[in-house]
2 protein chains.
Amino acid sequence: MSAPAGRRGRRPGSSADTRLAILESARASFAERGYAGTTIRAVAGAAGVDAALVHHYFGSKDDLFLAALALPVDPRVVLAPALEGGIDGAAERFLRVFLSVWDDPEMQLPLLGLVRSVLDPGGVELLRSGFVPIILLPIGQALRIDHPEHRMPLLASQVIGLIMTRYVIRLEPIASMTADDVVATFAPTLQRYLAGDLPIEGD
Amino acid sequence: MSAPAGRRGRRPGSSADTRLAILESARASFAERGYAGTTIRAVAGAAGVDAALVHHYFGSKDDLFLAALALPVDPRVVLAPALEGGIDGAAERFLRVFLSVWDDPEMQLPLLGLVRSVLDPGGVELLRSGFVPIILLPIGQALRIDHPEHRMPLLASQVIGLIMTRYVIRLEPIASMTADDVVATFAPTLQRYLAGDLPIEGD
DNA sequence: GTCTATAAATCGATAGAC
DNA sequence: GTCTATCGATTTATAGAC
């Protein structure tokens, strides 16, 4: 049953208010204590609700984290098709999904807002303890590459550089390159990071 | 202003005060109007001195820009040896100089300060209109690569990603890699951007 | 001193009552 | 929609064996 549109003045304790209270509490906690440092119980407590409610509204802790980040898309959903098909051509498939999201004008503003927040206090810790283990590593595991904890950060280094040059600094000619040229330019780099020869100990 | 009113050993209008006044005026102008938008005359005027004095203290506009950036080193100086020897191995030579500077603990704080200022208002414009033409392109020209205006930004994209992951986010294992491993990992990428096959029109 | 085993506490997540 | 109860897994702390 969906609520009738146009209804205002919800009573206290209704779903929208509770959901928002949880979300704000989560944002504050993630920003202050990082991903690992925030507990569902603490978020629930700060929002004045029970811990089970957090799961009821947001599912897992990972889902709550993604909701708190205000990502315009769920990377796990849009990337899912690119993760099938094995390691061959994985870099190109990844890049095409990446470009379809970042080149979408509607997505750019919220995404750029996220990028800027990385340099805020706690943003780095959030990236390291939250984004990496719940976004980056699962991608590597889905691709079944070896040493994902070593190779995915390398991929991240070039992707971050691409984000900075193409979307933040808008450095030419990268900023104006067609999607095909971006793929032709960067896919070989990413493919090598995913599956090429690298100095990895104990391999 | 850190100088107390009155005497400091030098009379008012002496070289140290004038130099500093020019430098602060230049910083304000570069930050507000970008590299191309600031003129030596305007900097001099805001500092209350003659334009010729700016050249007397700082040499060229490029030198003034570098001084205003408060770079702990002059990239043109430290990179000079790496630019000799032709294109073979240029990526590795570049990376070794890069690491010798960025891995120096004394350099990191001012360099990281610069990185953070990039996302401030005007910082992006400063990077695009200042850093690129007077730092990045001259490096490419010294290396005598073809299409430096196309290839150097590609190099920049991976170097920026390296800076972000190794020094800003401190993402493992990149943050703890030895210099040799950094070179072995990233030099092939940079070498391809400098001299490898790329989708460049009219080549 | 180092390692291992086990106990205690905490957390994420689910099921079901109201 | 909200909460109680509880499971299973992970982490932390402690104790004992070598």
Side-chain angles (χ1 to χ4, degrees), chain A residues 1-84 110-111 114 117-118 120-156 200-203, chain B residues 165 169-177:
Chain A
M1 295 298 182
S2 60
R7 177 77 82 93
R8 294 227 159 241
R10 303 174 189 279
R11 68 185 186 280
S14 76
S15 71
D17 290 338
T18 301
R19 217 190 107 96
L20 202 63
I22 294 173
L23 199 55
E24 289 178 355
S25 168
R27 269 198 259 265
S29 181
F30 282 131
E32 187 178 350
R33 288 181 281 275
Y35 177 82
T38 95
T39 67
I40 299 283
R41 285 172 162 81
V43 169
V49 301
D50 188 85
L53 260 190
V54 178
H55 285 111
H56 177 253
Y57 281 117
F58 294 97
S60 70
K61 183 181 178 182
D62 289 1
D63 293 326
L64 177 63
F65 178 72
L66 291 178
L69 278 186
L71 275 177
V73 293
D74 187 332
R76 302 169 303 185
V77 173
V78 295
L79 278 173
L83 303 184
E84 300 166 1
L111 289 172
L114 267 184
S117 72
V118 166
D120 289 348
V124 165
E125 167 62 22
L126 213 57
L127 202 62
R128 208 186 305 125
S129 83
F131 195 83
V132 170
I134 81 177
I135 306 288
L136 205 59
L137 286 186
I139 295 174
Q141 288 159 356
L143 286 173
R144 309 190 64 96
I145 63 179
D146 52 17
H147 301 284
E149 74 290 344
H150 185 111
R151 310 186 89 115
M152 292 306 294
L154 299 181
L155 177 134
I200 300 180
E201 72 287 359
D203 192 10
Chain B
T165 48
I169 307 172
R170 289 189 217 278
L171 184 60
E172 295 299 349
I174 299 178
S176 300
M177 278 171 88

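Computation of the quantities below employed the complete heavy-atom set of this structure, encompassing side-chain atoms and omitting hydrogens, waters and symmetry-equivalent molecules.
Comparing atom distances between the His56(A) side chain and each of dG12(C), dT2(D), dC3(D) picks out dT2(D) as nearest. Between dA13(C), dT2(D), dT4(D), one nucleotide has an atom nearer to the side chain of Tyr57(A) than all others, and that is dT2(D). Among the nucleotides dT2(D), dA13(C), dC3(D), the one closest to any side-chain atom of Val49(A) is dC3(D).
Between the P atom of dT10(D) and the CD1 atom of Ile40(A) lies a distance of 17 Å, rounded to the nearest Å. One interatomic measurement links the two molecules: CG of Asp50(A) to P of dA15(C), which rounds to 16 Å at whole-angstrom precision. Between Arg41(A) atom CZ and dT14(C) atom P the separation is 14 Å, expressed in whole Å. Atom pair His55(A):NE2 and dG16(C):P shows a separation of 17 Å (rounding to whole Å applied). When the P atom of dA13(C) is taken as reference, atom NZ of Lys61(A) falls 8 Å away, rounded to whole Å. In this structure, CG of Leu53(A) is placed 15 Å from C1' of dA15(C), rounded to the nearest angstrom.
Here Glu125(A) pairs with Arg128(A) in a salt bridge; the nearest charged N to carboxylate O distance falls below 4.0 Å.
Nearest heavy atom pair, residue Pro153(A) against residue Glu172(B), reads CG-O, 3.4 Å. Closest approach of Thr38(A) and Lys61(A) over heavy atoms only: O-NZ, 2.8 Å.
Between Phe65(A) and Tyr35(A), the two ring planes are perpendicular [angle over 60°; tilted spans 30° to 60°].
Close to dG12(C), at under 4.0 Å from its OP1 or OP2, lies no side-chain N or O of Ser60(A).
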